[in-house]
Amino acid sequence: MKRRIILTGAFIGMLAIILGAFGAHLLKKYLSVDQLNTFEVGVRYQMYHALFLLFLSTQKDIAEKTLKAIYNLVVAGVLLFSGSIYLLATKDYTLFESKIIVFATPFGGFLLIIAWALLFFTILKRKS
């Protein structure tokens, strides 16, 4: 499981850098300043959670079941939160209906919050 967490964290981080460069260099010709700022929020949160996964992989006293739950919450949260932000920021150039996607962003954010809370309470319950 830890290998999967590290690989996913590294992949999500690499993809965040690629998307950040894509936004900064290619999309700036096509998107407004507000749209670019929105796109960058998706990149930022994606990178935060790539680092979160890498941190998670260093934890030795977390049960496998809990690791898996946090991992799944983070992956789903990043896909929904950052993915929907990317689509909303580029909606003028994509075929996605923004009225449908707009609900994915808060739900993805909620999954990320639950992942952090699960880690918090798991570590809080540990005996020092």
Under 3.5 Å donor-acceptor, [X] side chain and [Y] backbone:
| X | Y | result |
| --- | --- | --- |
| Tyr86 | Val43 | yes |
| Ser57 | Leu54 | yes |
| Ser84 | Leu80 | yes |
| Gln46 | Ile12 | yes |

Distance from [X] atom [atom1] to [Y] atom [atom2], nearest 0.5 Å?
| X | Y | atom1 | atom2 | result |
| --- | --- | --- | --- | --- |
| Thr38 | Leu88 | OG1 | CG | 8.0 Å |
| Thr58 | Ile5 | OG1 | CD1 | 10.0 Å |
| Phe121 | Leu119 | CZ | CG | 11.0 Å |
| Leu56 | Tyr71 | CG | OH | 10.5 Å |
| Leu118 | Ile113 | CG | CD1 | 13.5 Å |
| Ile70 | Leu111 | CD1 | CG | 13.0 Å |

Is [Y] reachable from [X] through a run of I, L, V, M, F, W or Y residues, each pair having side-chain heavy atoms under 4.5 Å apart?
| X | Y | value |
| --- | --- | --- |
| Ile114 | Tyr48 | yes |
| Val75 | Phe107 | yes |
| Leu124 | Leu73 | no |
| Tyr93 | Leu19 | yes |
| Leu87 | Val41 | no |

If the plane angle is over 60° it's perpendicular, under 30° parallel, otherwise tilted; pick one for Tyr45 and His49. parallel
With a 4.5 Å limit on heavy-atom distance, are the side chains of Asp92 and Gln35 in contact?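 Yes, close enough: below the 4.5 Å cut-off.
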For the residue pair Phe39 and Ile85, establish whether any side-chain heavy-atom pair is separated by less than 4.5 Å. no
Taking the six-membered ring for Trp, are the ring centroids of Phe55 and Phe52 within less than 6.0 Å of each other? no
Which atom names give the shortest non-hydrogen contact between [X] and [Y], and what distance separates them?
| X | Y | value |
| --- | --- | --- |
| Met1 | Lys68 | CE-CA, 3.9 Å |
| Gly9 | Ala50 | O-CB, 3.3 Å |
| Ala115 | Val74 | CB-CG2, 3.6 Å |

Counting only heavy atoms not in Lys2, do more than 12 sit closer than 6.0 Å to its NZ atom?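 Buried by this count: over 12 neighbours within 6.0 Å.
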